[in-house]
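A short write-up of the structure that comes next.
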Amino acid sequence: MSRSKREQLIDQLIGEAVLSILYDNGPMSTRSLIERLQTMEASERDAQRRNVIADVIADISHQRLGISRRNSLPSQQQWDMESPIKQKNKAYPLFDDSPDPGSSKKH
């Protein structure tokens, strides 16, 4: 499978950011990844790499917004408003209804 040079650069930059967080024994989170990428962007001399880092930051930030929007599902609001007695008799989904990321067998 052939990947573009841009995709390879994106993977390399994210890998560098993750490794530097791990090396510093920092917390691994979306926020810390974005902050590390912003630090890398500020110190990057190569314009192409700087632009790719900015795109990665925007992509990760956009995906993060999508996650926080999903947390306010109507079923969650309905669940919160019901009495504790009714809640005992209902099952509440732990995960959203999004499709499986992959159905390939591992073994």
Side-chain angles (χ1 to χ4, degrees):
M1 202 180 296
S2 177
R3 293 177 353 140
S4 71
K5 288 186 179 189
R6 180 178 170 80
E7 289 172 332
Q8 290 175 356
L9 180 58
I10 288 170
D11 288 347
Q12 179 184 354
L13 292 168
I14 292 173
E16 287 175 15
V18 168
L19 286 174
S20 68
I21 293 169
L22 291 173
Y23 181 77
D24 293 343
N25 291 323
M28 188 55 62
S29 66
T30 305
R31 174 175 278 177
S32 63
L33 178 61
I34 291 172
E35 289 173 356
R36 189 60 52 114
L37 287 167
Q38 289 171 336
T39 302
M40 290 170 60
E41 179 186 19
S43 63
E44 183 59 55
R45 294 181 183 157
D46 182 8
Q48 179 188 6
R49 285 175 58 101
R50 196 171 41 251
N51 289 336
V52 172
I53 293 171
D55 290 345
V56 170
I57 292 169
D59 287 346
I60 293 171
S61 298
H62 177 71
Q63 289 178 0
R64 186 169 184 210
L65 287 175
I67 291 170
S68 32
R69 284 187 190 137
R70 257 191 301 170
N71 288 340
S72 61
L73 295 172
S75 61
Q76 173 70 40
Q77 293 169 354
Q78 180 183 2
W79 171 267
D80 291 341
M81 294 169 62
E82 290 181 356
S83 70
I85 295 170
K86 286 184 179 179
Q87 288 177 0
K88 281 184 180 179
N89 298 327
K90 283 193 170 183
Y92 181 73
L94 294 176
F95 305 101
D96 62 358
D97 294 333
S98 63
D100 246 352
S103 61
S104 63
K105 293 185 178 182
K106 302 294 182 203
H107 300 280

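As the structure is a prediction and not an experimental result, all values here were calculated from the model.
- We find the CD-OG distance between Gln38 and Ser43 to be 12.0 Å, quoted to the nearest 0.5 Å.
- Just one of Val52, Leu33, Leu37 meets the side-chain contact (heavy atoms from CB on, under 4.5 Å) condition when paired with Ile57; it is Leu37.
- In the hydrophobic cluster analysis, where Ile, Leu, Val, Met, Phe, Trp and Tyr join through side-chain heavy atoms closer than 4.5 angstrom, Tyr23 is grouped apart from Ile34.
- Taking CG of Leu9 as the reference point, atom CD1 of Ile14 lies at 10.0 Å (rounded to 0.5 Å).
- Between the CZ atom of Arg50 and the CG atom of Asp55 there is a distance of 12.5 Å, given to the nearest 0.5 Å.
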Candidate pair Glu35 and Ile21, rule side-chain contact (heavy atoms from CB on, under 4.5 Å), full reasoning: CA-CA 10 Å; Glu35 289 173 356; Ile21 293 169; over 6 Å; no

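- If you take CD on Glu16 and CD1 on Ile53, they are separated by 8.0 Å, rounding to the nearest 0.5 Å.
- Residues satisfying the side-chain hydrogen bond (donor to acceptor under 3.5 Å, both in side chains) test with Ser32, not counting sequence neighbours, are Ser29.
- Every salt bridge (charged side-chain N to carboxylate O under 4.0 Å, His left out) that Asp24 has, sequence neighbours left out, goes to Arg36.
- Taking the side-chain hydrogen bond (donor to acceptor under 3.5 Å, both in side chains) definition, one finds that Asn51 meets it with nothing, sequence neighbours left out.
- Residues satisfying the side-chain hydrogen bond (donor to acceptor under 3.5 Å, both in side chains) criterion with Glu44, sequence neighbours excluded, are Arg49.
- Shortest non-hydrogen contact noted between Met40 and Leu13 is CE-O, 3.8 Å.
- Annotation for Gln12: atom CD counts as buried by contact number, over 12 foreign heavy atoms lying within 6.0 Å.
- Using modelled atom types, one side-chain atom of Glu7 and one backbone atom of Ser4 make a donor-acceptor pair closer than 3.5 Å.
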